[in-house]
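Below is one structure, written out as structure tokens; comments come after it.
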Amino acid sequence: MSTVSAEPTDAAAPRLPKLITNFTGYTPSFDVTSVASRMIASVPRNYLYGLDSVVFTNMYSLSHKRRTSTTRSRKRKVRIGNAAGLYHGKWQGKPAWIEVFVDQTMGDRNGPHWYLRVPVVRDILLSSVLFHEIGHHVHATAQPEFREKEDVADKWKSKLQRRYLRGRYPWLIKAAPLLAPLLKWLSKVMGED
């Protein structure tokens with residue numbers, strides 16, 4: 001298990017969450033910590049206040065009992081073994097934290113796929129889950145709304161992902177209409193795993 005923490009230079013700004021990796025029987029095909037550091041650095045600091053850590057792990061790092069237990073999403077029970085990420089809010093004096101299941105997120109439970117070698121594809125897949133879970137944190141702490149929690153998290157995911165991708169891949173906006181069919185095909189292929 002490894003931990004990385006990058007402190008902001010401004011003492012008044014909230015610190016960045018710790019990035020923790022904990023993989024069992026699985027090795028991601030890229031450096032998750034460095035990619036996630038870039039993504040989290042693109043999020044305005046006031047949205048990260050109170051978020052202690054982000055844990056990057058895989059499904060087999062969880063016990064069988066935890067994998068088969070359930071959580072609620074859109075008023076339905078969902079098995080944790082089918083989730084790509086989880087937000088754990090502040091509870092009983094423990095700070096909020098996020099859990100991202102990289103094998104589920106990247107669709108490479110059975111080994112790396114060729115498309116994971118393309119940085120923009122990797123970034124889109126990982127940022128979708130990471131920013132969705134950060135969206136839950138923003139909803140819980142900074143900007144609560146009286147709407148379905150998943151819808152609010154999706155709204156924040158889109159906003160934060162757009163901000164990150166515009167800064168990292170400015171050419172992507174012009175290429176988006178050309179890439180749309182490829183991304184649609186890619187999501188279909190990933191769903192067949």
Side-chain angles (χ1 to χ4, degrees), residues 1-7 15-43 47-48 50-74 77-113 115-119 121-141 149-150 153-154 156-157 160-161 164 186-187 190-191 193:
M1 183 170 0
S2 66
T3 304
V4 175
S5 180
E7 291 295 321
R15 68 170 184 78
L16 292 173
K18 294 179 291 242
L19 302 180
I20 302 167
T21 57
N22 181 27
F23 299 107
T24 301
Y26 170 78
T27 304
S29 57
F30 63 100
D31 183 5
V32 175
T33 305
S34 67
V35 173
S37 293
R38 275 197 316 265
M39 291 177 184
I40 290 174
S42 75
V43 177
Y47 295 152
L48 299 173
L51 183 61
D52 181 61
S53 59
V54 179
V55 177
F56 296 94
T57 189
N58 63 313
M59 271 301 145
Y60 291 104
S61 293
L62 304 179
S63 67
H64 175 74
K65 181 179 178 181
R66 180 127 189 271
R67 271 195 315 268
T68 57
S69 64
T70 59
T71 187
R72 297 197 72 67
S73 176
R74 298 189 192 277
K77 287 184 177 180
V78 177
R79 276 188 49 214
I80 289 177
N82 294 333
L86 296 170
Y87 172 69
H88 305 277
K90 182 179 175 180
W91 190 64
Q92 293 186 345
K94 295 181 183 174
W97 62 289
I98 290 172
E99 199 170 17
V100 176
F101 304 110
V102 178
D103 56 339
Q104 298 281 88
T105 301
M106 306 312 281
D108 65 345
R109 293 173 298 278
N110 301 323
H113 294 290
Y115 55 78
L116 295 179
R117 292 188 203 124
V118 181
V121 173
R122 239 184 0 234
D123 282 4
I124 289 170
L125 293 173
L126 186 62
S127 69
S128 289
V129 175
L130 180 61
F131 290 145
H132 176 89
E133 301 308 329
I134 290 173
H136 281 300
H137 182 69
V138 173
H139 180 224
T141 60
K149 290 179 182 182
E150 295 300 322
D154 283 342
W156 281 104
K157 176 203 75 158
L160 295 172
Q161 191 176 38
Y164 171 72
L186 185 61
S187 67
M190 285 183 55
D193 274 348

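Both backbone and side-chain heavy atoms feed into the values below; hydrogens, waters and symmetry mates do not.
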**Request:** Quick one: list whatever passes salt bridge (charged side-chain N to carboxylate O under 4.0 Å, His left out) with Asp154, sequence neighbours left out.
**Result:** Arg74
Once rounded to the nearest 0.5 Å, what's the spacing between atom [atom1] of [X] and atom [atom2] of [Y]?
X: Thr141; Y: His136; atom1: OG1; atom2: NE2; value: 12.5 Å
X: Lys157; Y: Ser127; atom1: NZ; atom2: OG; value: 8.0 Å
X: Ile40; Y: Leu19; atom1: CD1; atom2: CG; value: 4.5 Å
X: Thr70; Y: Ile80; atom1: OG1; atom2: CD1; value: 7.0 Å

Apply side-chain contact (heavy atoms from CB on, under 4.5 Å) to [X] and list each qualifying residue two or more places apart in sequence or on a separate chain.
X: Ala140; answer: Tyr87
X: Asn82; answer: Arg79
X: Pro95; answer: Asp52
X: Ser42; answer: Phe131, Tyr164

**Request:** Compare all side-chain heavy atoms of Val55 with those of Trp97 and state whether any distance is below 4.5 angstrom.
**Result:** yes
**Request:** For residues Glu133 and Val54, determine if any side-chain heavy atom of one lies less than 4.5 Å from a side-chain heavy atom of the other.
**Result:** no
**Asked** Parallel, tilted or perpendicular for Tyr47 and Trp156, by the 30°/60° rule?
**Response** perpendicular
**Request:** Check whether the side chains of Glu150 and His132 place a donor and an acceptor atom closer than 3.5 Å, and report yes or no.
**Result:** yes
**Message:** Donor-acceptor check, side chain of Gln161 to backbone of Leu130, threshold 3.5 angstrom: yes or no?
**Reply:** no
**Request:** Looking only at non-hydrogen atoms, find the nearest pair between Asp123 and Met39 and report the distance.
**Result:** O-CE, 3.4 Å
Return all side-chain donor-acceptor pairs below 3.5 angstrom for residues 56-66, not counting sequence neighbours, or 'none' if the list is empty.
residue: Thr57; atom: OG1; partner: Asn22; partner atom: O; Å: 2.5
residue: Thr57; atom: OG1; partner: Ser61; partner atom: OG; Å: 3.2
residue: Asn58; atom: OD1; partner: Thr24; partner atom: N; Å: 3.0
residue: Asn58; atom: OD1; partner: Ser61; partner atom: OG; Å: 2.6
residue: Asn58; atom: ND2; partner: Thr24; partner atom: O; Å: 2.8
residue: Ser61; atom: OG; partner: Asn22; partner atom: O; Å: 3.1
residue: Ser61; atom: OG; partner: Thr24; partner atom: N; Å: 3.1
residue: Ser61; atom: OG; partner: Thr24; partner atom: OG1; Å: 3.1
residue: Ser63; atom: OG; partner: Arg66; partner atom: N; Å: 3.1
residue: Arg66; atom: NH1; partner: Glu99; partner atom: OE2; Å: 3.0
residue: Arg66; atom: NH2; partner: Glu99; partner atom: OE1; Å: 2.6

**Prompt:** Going through the distances and angles, do Phe23 and Asp103 end up as a side-chain contact (heavy atoms from CB on, under 4.5 Å)?
**Reply:** CA-CA 10 Å; Phe23 299 107; Asp103 56 339; over 6 Å; no
